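No experiment lies behind these values; they were computed from the predicted model shown.
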Amino acid sequence: HSNKNSINFWFQNCNGLIHKNDIRGFQFEIATLADASINYFSFAETCVNINKPGFSKKIQDAFNEIIPTGHLSFVNSPAYPKRSNYQPGGVAGGFDGVLRSRFLREGRDELGRWSWQEFGQNSLVTRVYTLYRVNQGSEYTSGNSTAWFQQKILLEEKQIRTNPRSQIM
């Protein structure tokens, strides 16, 4: 448990933030973390298709029903097909009202590998990164819908020809 002078962080590889489109299950998990006085939430491998119109907004709204003064943002590989709510990989970072007053700015990787949020008070500034490092894939073992393959294609578009796992930052 925490005291009023501490900030508590939760980092989790959730392997799917929303299971079977169950927004209420996600809200229960956020409420459980909030009840445990968690101020910052960091989720890797969210598997949320941010390109599907309205889906990430629906999750953000569900988050804000539990933490009205909070903030939640997503990042995943761009240009994934919009047909499904599911997309391999991705990260989300969020915080509650305690950190809202200290929030300065946020940023993200254009390839969808990581995001960051920056907080400050007085002269102290802290930047928190949330990242998803793809598994050890290859041309032969990774299907074309995996996060590894998505990253490989995006890196090749930038003339970078290497294993996506080695290109996290």
Side-chain angles (χ1 to χ4, degrees), residues 9-30 32-33 38-64 66-67 70-95 99 103 105-119 126-169:
F9 294 84
W10 179 267
F11 297 93
Q12 178 181 353
N13 183 326
C14 60
N15 195 17
L17 195 60
I18 307 296
H19 297 280
K20 298 181 182 176
N21 292 320
D22 182 13
I23 297 291
R24 295 290 175 212
F26 164 72
Q27 285 184 307
F28 178 79
E29 290 179 27
I30 294 301
T32 300
L33 294 172
I38 302 299
N39 306 105
Y40 186 86
F41 312 87
S42 177
F43 301 104
E45 201 172 3
T46 58
C47 301
V48 171
N49 187 348
I50 62 167
N51 302 302
K52 175 110 187 249
F55 187 57
S56 56
K57 171 91 168 85
K58 185 175 181 181
I59 298 169
Q60 288 170 332
D61 290 346
F63 178 86
N64 287 123
I66 304 301
I67 305 175
H71 173 74
L72 182 67
S73 62
F74 295 92
V75 64
N76 208 334
S77 300
Y80 194 79
K82 300 174 184 178
R83 295 183 301 270
S84 169
N85 292 338
Y86 174 83
Q87 178 182 357
V91 298
F95 50 88
L99 285 174
F103 178 65
R105 60 192 178 137
E106 64 185 345
R108 59 188 64 212
D109 171 45
E110 65 182 2
L111 303 183
R113 299 170 290 186
W114 47 264
S115 67
W116 56 265
Q117 292 168 325
E118 203 170 76
F119 305 91
T126 301
R127 183 178 284 184
V128 181
Y129 284 87
T130 302
L131 56 99
Y132 174 66
R133 186 176 187 195
V134 298
N135 65 2
Q136 194 63 274
S138 75
E139 295 284 337
Y140 308 104
T141 61
S142 295
N144 63 3
S145 64
T146 63
W148 185 93
F149 190 80
Q150 292 173 53
Q151 290 299 311
K152 179 182 181 309
I153 296 301
L154 292 169
L155 288 167
E156 285 179 351
E157 288 174 1
K158 295 183 164 295
Q159 308 304 313
I160 301 171
R161 306 218 186 283
T162 186
N163 186 331
R165 186 172 169 83
S166 66
Q167 291 292 315
I168 188 63
M169 294 291 277

Pairwise side-chain contact, [X] with [Y], heavy-atom cut-off 4.5 Å (strictly under):
| X | Y | answer |
| --- | --- | --- |
| Q117 | L99 | no |
| D22 | F28 | no |
| F43 | V48 | no |
| D109 | V75 | no |
| R133 | W114 | no |

### Query
Listed by chain and number, what are the side-chain contact (heavy atoms from CB on, under 4.5 Å) partners of E157, not counting sequence neighbours?
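Checked E157 against side-chain contact (heavy atoms from CB on, under 4.5 Å); matches are I153, L154.
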
Rounded to the nearest 0.5 Å, what separates atom [atom1] in [X] from atom [atom2] in [Y]?
| X | Y | atom1 | atom2 | value |
| --- | --- | --- | --- | --- |
| I30 | F41 | CD1 | CZ | 5.5 Å |
| S56 | N51 | OG | CG | 9.0 Å |
| T32 | Q27 | OG1 | CD | 11.5 Å |
| T130 | R113 | OG1 | CZ | 15.0 Å |
| C47 | L17 | SG | CG | 9.0 Å |
| L33 | N39 | CG | CG | 11.0 Å |

### Query
Between W116 and R105, is a side chain to side chain contact (heavy atoms under 4.5 Å, CB included) present by the stated rule, with each step listed?
CA-CA 9 Å; W116 56 265; R105 60 192 178 137; 3.7 Å; yes

## Note on the structure
The side-chain hydrogen bond (donor to acceptor under 3.5 Å, both in side chains) partners of S77 (sequence neighbours excluded) come to Q150, Q151

Heavy-atom pair with the smallest gap, counting every atom of [X] and [Y]:
| X | Y | answer |
| --- | --- | --- |
| F103 | F119 | CA-CD2, 3.7 Å |
| L72 | A92 | CD1-CB, 4.2 Å |
| K158 | L111 | CE-CD2, 3.9 Å |
| G93 | Y40 | CA-OH, 3.9 Å |
| I18 | I23 | CD1-CD1, 4.0 Å |
| P88 | A147 | CB-N, 3.5 Å |

### Task
Tell me, with the steps shown, if S73 and R108 meet side chain to side chain contact (heavy atoms under 4.5 Å, CB included).
CA-CA 10 Å; S73 62; R108 59 188 64 212; 4.0 Å; yes

### Message
Please tell me whether N85 and K52 have a donor and an acceptor in their side chains that are separated by less than 3.5 angstrom.
### Response
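The answer is yes; a qualifying pair exists.
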
### Query
side chain to side chain contact (heavy atoms under 4.5 Å, CB included) between K58 and N21: does it pass, once the steps are laid out?
CA-CA 11 Å; K58 185 175 181 181; N21 292 320; over 6 Å; no

#### Entry: Qualifying ring pair (Phe, Tyr, Trp, His ring centres under 6.0 Å) pairs, either residue in residues 72-92, two or more places apart
none

### Task
Report the C-alpha separation of W10 and Q12 in whole Å, then their side-chain angles, then the decisive distance to 0.1 Å, and conclude whether the side chain to side chain donor-acceptor pair (under 3.5 Å) test is met.
CA-CA 7 Å; W10 179 267; Q12 178 181 353; 2.8 Å; yes

### Task
Examine distances only and state if a side-chain atom of N13 and a backbone atom of E45 form a donor-acceptor pair shorter than 3.5 Å.
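Not at all, since once roles are kept as given, no pair shorter than 3.5 Å links the two residues.
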
### Message
Strictly distance-based, threshold 3.5 Å: is any side-chain N or O of N76 a donor or acceptor partner for the main-chain N or O of I50?
### Response
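Pair absent, no side-chain N/O of N76 close to backbone of I50.
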
### Message
Please check if the number of heavy atoms outside R83 that lie under 6.0 Å from its CZ is greater than 12.
### Response
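Result for CZ/R83: open.
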
### Message
Is the ring pair F95/H71 parallel, tilted or perpendicular, if the boundaries are 30 and 60 degrees?
### Response
tilted

